[in-house]
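The structure appears right after this line, and notes come after that.
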Amino acid sequence: MSILMPTEAGEKPPLLEVKNLVKHFPQKAGFLSRRSGIVQAVDGVSFTLDSGETLGLVGESGCGKTTTGRMVLSLIRPTSGEVIFQGRNVHSLQKDELRRLRKEMQIIFQDPYGSLNPRMTVGQILGEALGIHHNLRGKAARDRMKELLEAVGMSGEHIPRFPHEFSGGQRQRIGVARALAVHPKLIICDEPVSALDVSVQAQVLNLLQDLKRQFQLTYLFIAHDLAVVRHISDRIAVMYVGKIVEMADKDRIYEGALHPYTRALLRAIPIPDPHLRREYKELEGELPSPLNLPPGCRFHTRCDQAMDICRMKEPAFVEAGKGHRVACHLYSGS
Ligand code: SF4
């Protein structure tokens, strides 16, 4: 009798598998631009993403989450590690294979002002994607543009207009329509609401939720705080200076976070209801420079539970419950 591996036994493999991804940027300085150090932007990041799932990737600015997203899309080459999408390593594909694969993976950018070409109308922006990837032109392209715009809460009347004629929320909707134009399976949402007014943020998040169901999408949702990803994510990965320090189902993160950094991020979520009492505390201290990382646990310079071992030994990323992993000496038994 043969022993079948889980995937051979009929379980679906993940849509995306990120394996030990590393990105180090050489830092140059001085007159002759000599190498002066290495920025360890991403340092051994691994996760999987099942079809139809949303993984929230959360951490402060500069922690490496956007670089991770760009490596998944093959916009940046990793120093080492692998990105397996639908069973294929995206960094070992030939140019034309990668171009075909790009249809399946799209990105929604943070800045709805900078991400749309101001000299192109909405029709030209959407038409570009439809023409290149689906060979749609003329009336067929226009009908599809109308459908896409209606899906994001706009209309065909917007087709001849330019980006400057729209509000930030509307521009982000156009960015979403552009991403949808090529029928992607995976969308990297790179802080898609952080540049928007709070009142508009919820509308765009609800729209992304609806579109996920309607178009059977999978999201890697990048954000700098835990408030934004709460309702949209199935699982959350918390990143700190190039590493994932905690990963679990959403409920475990919000109800039973273990890592002191995750707990500090949770305490830093503003409380909108004055009748609700919860400890609120802004996260103190600066993120260490990825050019000069502290030894041991990278969070020890800001952690109120730091022990001697934390200053010397880096904690392993260990299982702390079903599907819950954490990198902290408080839970590693070391
Ligand atoms: Fe804090 Fe130590 Fe845990 Fe790092 S390993 S988070 S310093 S307790």
Side-chain angles (χ1 to χ4, degrees), residues 18-24 37-48 55-68 79 81 221-230 233 235-271 278-334:
V18 170
K19 293 185 187 173
N20 209 13
L21 215 50
V22 171
K23 183 66 193 177
H24 291 172
I38 298 226
V39 175
Q40 297 177 35
V42 176
D43 212 4
V45 162
S46 300
F47 59 84
T48 59
L55 177 70
L57 186 61
V58 181
E60 291 162 282
S61 296
C63 74
K65 53 195 192 307
T66 291
T67 305
T68 301
T79 305
F221 197 102
I222 295 170
H224 63 263
D225 70 57
L226 278 165
V228 167
V229 291
R230 178 161 201 159
S233 303
R235 279 186 304 135
I236 309 262
V238 177
M239 242 182 126
Y240 189 75
V241 210
K243 285 190 177 279
I244 293 179
V245 294
E246 185 161 16
M247 181 154 54
D249 283 352
K250 171 176 76 175
D251 293 342
R252 274 185 178 255
I253 291 287
Y254 289 95
E255 309 304 331
L258 297 176
H259 198 282
Y261 179 58
T262 313
R263 295 213 298 262
L265 287 179
L266 286 168
R267 285 195 301 270
I269 296 177
I271 309 158
R278 172 168 61 72
E279 182 195 3
Y280 169 77
K281 199 165 176 260
E282 270 188 34
L283 188 58
E284 287 172 3
E286 294 287 314
L287 209 64
S289 162
L291 196 55
N292 185 22
L293 291 169
C297 171
R298 295 174 181 197
F299 189 55
H300 86 249
T301 53
R302 301 166 84 187
C303 180
D304 55 10
Q305 290 175 270
M307 306 166 280
D308 286 344
I309 189 173
C310 306
R311 295 174 192 94
M312 295 179 286
K313 188 176 166 196
E314 188 160 5
F317 195 45
V318 296
E319 195 87 28
K322 195 168 175 289
H324 191 166
R325 294 176 78 86
V326 64
C328 172
H329 288 304
L330 292 170
Y331 309 98
S332 63
S334 45

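Atoms within a ligand are numbered from 1 in the order they appear, just like the ligands themselves.
- Checking each of Arg325, His259, His324 against Glu246 for a side-chain hydrogen bond (donor to acceptor under 3.5 Å, both in side chains) leaves exactly one that passes, namely His324.
- Between Leu287 and Val241, some side-chain heavy-atom pair lies under the 4.5 Å cut-off.
- In this structure a side-chain-to-backbone donor-acceptor pair under 3.5 Å is present from Tyr254 to Leu226.
- Annotation: side chain to side chain contact (heavy atoms under 4.5 Å, CB included) contacts of Lys243 (sequence neighbours excluded): Asp43, Arg298, Glu314.
- A heavy-atom distance below 4.5 Å is not found between the side chains of Lys23 and Thr68.
- Of the candidates Pro315, Cys310, Pro288, Pro260, His300 forms a side-chain contact (heavy atoms from CB on, under 4.5 Å) with just one, namely Cys310.
- Ordered by chain and number, Cys328 SG make up the set of protein N, O or S atoms under 2.8 Å of atom 3 (Fe) of ligand 1.
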